[in-house]
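Sequential numbering from 1 along the given sequence is applied to the chain's residues. Atoms within each ligand, like the ligands themselves, are counted from 1 in listed order.
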Amino acid sequence: MVAEQRSKISVIGTGYLGATHAACMAELGFDVLGLDVDPAKIGSLSAGRVPFYEPGLEEILSRNLANGRLRFTTDYAEVAEFADIHFICVGTPQRSDSNAADLTYVEAAIENLGPLLTRPAVVIGKSTVPVGTAAVAAARIAALAPAGDRVELGWSPEFLREGFGVEDTLRPNRIVIGTDSPRVEAAMREVSATQIEQGIPFLVTDLQTAELVKVSANAFLATKISFINAMAEVSEAAGADVIKLAQALSYDDRIGGKFLGPGLGFGGGCLPKDIRAFMARADELGVEPALSFLREVDAINQRRRARTIDIARGLIGGSFAGRTVGVLGAAFKPNSDDIRDSPALDVASTIASLGAKVTVYDPEALEKARQEHPDLNYAHSMLEAVRDAEVVLLLTEWAEFRDADPDELAKVVAEPKIVDGRNALDPDHWRALGWTYRALGRP
Ligand code: UDX
C-alpha cells in the first residue's frame, strides 16, 4: 500500500513567530519552505543562524536544514509551487498614525501569493489581526487565485511566548482554527496530528471567534498584570506589601498566581499593541465602551514606568542632572532579546534625557538596544554597568540579576542604592548587607 502523501507546508514571514513555526513544523516531520521578503533574514536562517534570541530554536533549525526538510526562500512563485498549506505569520505592528494594527504585511502576503495559486491550496493565517480581517482576506485570495474557490482560508491564532517559542509551538495549551470549510479543518488536523494525539484541545470556531480568541487572551493577560500593578499603587499609598497581597490572592484558584507579578509592567511586541488595536477595532464596531477599561489597563501600565523613575530620583536627592545611574536589563522580559516597547529601555532613556549618565547591561539585548538607543551607554557585564553608580535599577529580571551578589556589587558602586523594578530580589538580604532597597508596591 502506498503511504498517504503528507501535505507540504509554507510559512510566510519568518520573524519570531514564523521562524519558530517553520522549524517546529519540520521537526514534526513536514517538508517546509519558509519565505521572507528580507534577504538578510533568509540568508541567516538558511545558514542555520536564528537572527534573534530564542532558546532551543537554533538546534531545531540546524537539524532540519541538515535533514533537508526545511528550506528558505524570498520567492513567492517557489512557495506557491511547493506547498499545499500556506501559513501566514507576518507581523501586524501598531500603525504609526493611530492605535490600530498595521495590516500592510498581511495584505502584501495575500496579494503576492494569491495570483500564483493555480492549484487547490489551504491558507491559514496565524498573525494577530483585528476581528473581521480573515473574512476579507478569504474573499480576496479566492478572487485573486487562478484556482478560485479551491483556495480556502482559515485563521489559527498563535499563542507563543517569546523565550518559550519552541515549547509553546510543539506543545501549545490549545489549538484554535477558525473556519467553516471541512478542507481547512482537515488541513489543520493534519498539521496538528501530534498535538491532538497528546490530548491537546482542538477547537473549531468561525473566523471571527478565532480572531477574537487571540486578542481577548492578550487583553486578559494585560488586565491581570495591570490589576496587580494597580494594587501596588494602592499598597504604596497605604503602606501595604503587594508581594504578600499577590501571594495571598494566588491561593484562590479562581484567581491563580500566574501573571500576577507586580513591577514595571508589560511591554514587548504583543500585549501593548494588541490591547490598543483591540480598542481601535471595538471603536470601529461601535462597541467602544465595552473595551474602555483597556485604556485604564494601558494607563496603569505606563504609570509604573513613571513611578520607577520617581523612586530612583528620590533616592539620589531629587534630580538626575549629572548623576551616574546603572541599569540592569534592556529586553522587555528575560530570556528574550526583544526590545520592542521595552519598559526597561523606556525608563533608562527617560532618565538619560533628565541629565543622568546611564549605563545599561543586558545578557542578550545589548546589540538591539544600542541600535535603537544611542543616547545610552552600554557595558559588557553587570559589574561594569553599575561601576560608580549612585543608584542601580533592576528593570528586567534575568536570572543573572536575581542571583547577583549584593556584596560584589557594593564594592563597585558609588552608593549602595537599588530600585528593584521587577520585585526580583530579597529585600531583607540586600538591606542586611547595607543596601538601601526600594521596590514597587512595597514599604
Ligand atoms: C504574550 C502572550 O503571553 C502570548 O500568549 C502571545 O502570543 C504574545 O504575547 P510575550 O509578549 O512573549 O507573550 O510575553 P509574556 O511572557 O506574555 O510577557 C509580557 C509582558 O508582561 C512582559 O513585559 C513581562 O515582563 C510582563 N509581565 C508578565 C509582568 O509584568 N508581570 C507578570 O506577572 C507577567
Can Glu27 and Arg63 be said to form a salt bridge (charged side-chain N to carboxylate O under 4.0 Å, His left out), step by step? CA-CA 8 Å; Glu27 182 73 3; Arg63 183 158 58 235; 2.8 Å; yes

Begin with the C-alpha distance, continue with both residues' side-chain angles, and end with the deciding distance and a verdict on salt bridge (charged side-chain N to carboxylate O under 4.0 Å, His left out) for Asp84 and Lys8. CA-CA 5 Å; Asp84 311 293; Lys8 292 201 168 78; 6.0 Å; no

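Judged by distance alone, the side chain of Glu54 and the main-chain N or O of Phe164 form a donor-acceptor pair under 3.5 Å.
Nearest to atom 13 (O) of ligand 1 by heavy atom, out of Arg422, Glu397, Arg161, is Arg161. Nearest-residue assignment for atom 26 (C) of ligand 1 (options Phe266, Phe332, Phe164; heavy-atom criterion): Phe266.
Taken from OG1 in Thr133 to CZ in Arg140, the straight-line distance is 15.0 Å, to the nearest 0.5 Å.
Heavy-atom distances between Gly261 and ligand 1 reach below 4.0 Å in at least one pair. Heavy-atom separations between Gly263 and ligand 1 are all 4.0 Å or longer. Within the 4.0 Å heavy-atom cutoff, Lys214 counts among the residues contacting ligand 1. Judged by the shortest distance from any of its heavy atoms, Lys258 lies outside the 4.0 Å radius around the atoms of ligand 1.
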For a quick test of your reading: what N or O donor-acceptor pairs under 3.5 Å do the side chains of residues 253-275 make, sequence neighbours left out?
{"from": "Arg254", "atom 1": "NE", "to": "Asp252", "atom 2": "OD1", "distance (Å)": "3.1"}
{"from": "Arg254", "atom 1": "NE", "to": "Asp252", "atom 2": "OD2", "distance (Å)": "3.4"}
{"from": "Arg254", "atom 1": "NH2", "to": "Asp252", "atom 2": "OD2", "distance (Å)": "2.8"}
{"from": "Lys273", "atom 1": "NZ", "to": "Thr92", "atom 2": "O", "distance (Å)": "3.0"}
{"from": "Lys273", "atom 1": "NZ", "to": "Thr92", "atom 2": "OG1", "distance (Å)": "3.2"}
{"from": "Asp274", "atom 1": "OD2", "to": "Asn218", "atom 2": "ND2", "distance (Å)": "2.8"}

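Close approach of ligand 1 to Leu260 (heavy-atom distance below 4.0 Å) involves ligand atoms 33 (O). Proximity to Cys270 (heavy-atom distance under 4.0 Å) selects the following atoms of ligand 1: 8 (C), 9 (O). Ligand 1 places these atoms under 4.0 Å from at least one heavy atom of Leu221: 3 (O). Of all atoms in ligand 1, listed by their number and element, those nearer than 4.0 Å to a heavy atom of Glu162 are 12 (O). Close approach of ligand 1 to Glu158 is summarised as follows: ligand atoms under 4.0 Å from at least one heavy atom of the residue are 7 (O). For ligand 1, the atoms sitting less than 4.0 Å from at least one non-hydrogen atom of Leu271 are 1 (C), 9 (O), 19 (C), numbered in the order shown with element in parentheses. Of all the atoms in ligand 1, the ones that sit under 4.0 Å from a non-hydrogen atom of Leu160 are 4 (C), 6 (C), 7 (O), 8 (C).
Note: His21 and Phe87 have perpendicular aromatic rings, judged against thresholds of 30 and 60 degrees for the angle between ring planes.
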